[in-house]
2 protein chains.
Amino acid sequence: MVQVAEQPDTRTRIVASTCELYRRQGMAGTGLKQIAQAARAPFGSIYHFFPGGKGQLTEEVIRSWGLMYGDLVAQVFDSAPDLPTAIEWAFAGAAESLAVTDYVDGCPVATVALEVASTDETLRLATADVFTDWIDLGVKRFEYTGLPQAKLRELVIGFVTSLEGAFVLCRAMRSTEPLHAAGKVVLAAAHAALAEVAEED
Amino acid sequence: MVQVAEQPDTRTRIVASTCELYRRQGMAGTGLKQIAQAARAPFGSIYHFFPGGKGQLTEEVIRSWGLMYGDLVAQVFDSAPDLPTAIEWAFAGAAESLAVTDYVDGCPVATVALEVASTDETLRLATADVFTDWIDLGVKRFEYTGLPQAKLRELVIGFVTSLEGAFVLCRAMRSTEPLHAAGKVVLAAAHAALAEVAEED
DNA sequence: GTCTATAAACCGATAGAC
DNA sequence: GTCTATCGGTTTATAGAC
């Protein structure tokens, strides 16, 4: 069978387009009509695949992004020889990706999280689940370092918060400096924690 | 002259109410009618005081918040005996304020920044100016530490990004843990930087 | 300056033909 | 599954009375 310029199915295109639009302009700033147009899908298809409307579509965007980005970071982590290198690579990669995409390539979860944290409990829980999963994933990945559990968790949370906060400043200032600076700060904290463990031996 | 329960003038109430609503639900999620109602002002007064409409009102909210929050942080910094204590107090204060307000009391600049970074150049510049001012203010305040300029700037940017990112996670997870963890990470980085300078003596 | 009414466009959501 | 038409409500913005 010959396949010419195959494109993902309608449902997949809707989710992908929604995600992309949310990254640039947030949820409230994105209309369903705009989503349908971007996904090259008829308007009715949105309600066909997501009978729960915008809320259901948004929740799927949040959770699927959580899995995708979690996998991406896990790959970076797994290919890095140690914790400090993993931190360096993650921030450097984020900075490059942001610059290449003209500073639109932020995190859709953070944008939506700020919008819904006080207005939509279902979606707030979805964003919280994503952040919790990312933290657990990071902690599990670096347990081998021998850092005390509490210290490791603190460091991983600091990693995620720094990354998310740096995205905000980078996109606003159209500069990668905040990501580089945030990376250095997290790196310094990691080195300090590792040195403390090494001393005990 | 006797003054009974004096309330701020209409214009001030409009800006304050807009700021509060933006903190909870962002700019796109907030309607001008809702703002008028919250400010107990007639709808027409918004366009009377802000002929430029929502854009002009939003820019004033962003810039005035930048000044207010900059002053607040400057007060915390000035009352702290040294850099590490200033960092601890700032994160602890933010965490307390967030918990007390039921996780509503985030940063309006960050929310709006993510919404407009790729859609409204005028407002993007306003958010960038605020972040730049905060960074410059922090650098100037701690020049006395003797840290090299680049290292100090890196640390201050890490401070701001960690604070903003932690706000996102705290509001999503309804927990102050991210702010506490982020504070610890920035603190560790500050200690490491200061120790490096001390060694040179 | 204060307030109301309304225009014109857009929103999310639904119904129903095909 | 695809697509269109439309409903009721909301949005920003304006016009004009008081």
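Side chains included, hydrogens not; waters and symmetry mates left out as well; all remaining heavy atoms used. Throughout, a chain's letter reflects where its sequence line sits, starting with A, and its residues are numbered from 1. Remember, predicted model here, so these are calculated numbers, not experimental data.
Atom CD of B:Q37 and atom P of D:dT10 are 11 Å apart (whole Å). Residue A:L123 contributes atom CG, which lies 14 Å from atom P of C:dG12 at whole-angstrom precision. The interatomic distance linking A:I35 (CD1) with C:dC10 (P) rounds to 16 Å, in whole Å. Rounded to whole Å, atom P of C:dT2 lies 12 Å from atom CD1 of B:I46. Rounded to whole Å, atom P of D:dT10 lies 14 Å from atom CD of B:Q25.
Separating the CZ atom in B:R63 from the CG atom in B:L123 is a distance of 9.0 Å, to the nearest 0.5 Å.
With hydrogens and angles disregarded, a donor-acceptor distance shorter than 3.5 Å links the side chain of A:T132 to the backbone of A:A128.
Residues B:D82 and B:L194 have side chains not in contact (no heavy-atom distance under 4.5 Å, counting atoms from C-beta outward).
Residues B:F91 and B:A182 come closest through the heavy atom pair CE2-CB, 3.9 Å. In plain terms, the two heavy atoms of B:F49 and B:Q56 that are nearest each other are O-NE2, 4.2 Å. Closest non-hydrogen pair, A:A80 versus A:W89, comes out as CA-CZ3, 3.5 Å. Nearest heavy atom pair, residue A:C170 against residue A:L98, reads CB-CD2, 3.4 Å.
Between its two ends, the helix from C:dG1-D:dC18 to C:dC18-D:dG1 turns its axis by 10°, counting five pairs per end and rounding to 10 degrees.
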| note | B/S/- along nucleotides 11-18 of chain D (protein heavy atoms under 4.0 Å) is BSBB----
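With hydrogens and angles left out, the side-chain atoms of B:Q25 and B:T30 include a donor and acceptor closer than 3.5 Å.
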| said: Evaluate B:S118 against A:R171 for side chain to side chain donor-acceptor pair (under 3.5 Å), listing each step before the verdict. | reply: CA-CA 8 Å; B:S118 306; A:R171 291 191 62 220; 2.8 Å; yes
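Between A:W65 and A:Y69, the angle of the ring planes stays under 30°, which puts this pair in the parallel group of the 30/60° scheme.
Atom NZ of A:K54 has more than 12 neighbouring heavy atoms from other residues, nucleotides or ligands inside a 6.0 Å radius.
Shown for residues 108-121 of chain B: no residue has heavy atoms falling under 4.0 angstrom of DNA chain D.
Contact annotation: A:S45 side-chain N/O to D:dG1 OP1/OP2 distance is not under 4.0 Å. A close approach under 4.0 Å does occur between a side-chain nitrogen or oxygen of A:T10 and OP1 or OP2 of D:dT2.
As judged by a 4.0 angstrom heavy-atom cut-off over every strand, A:F50 is placed among residues making no nucleic acid contact.
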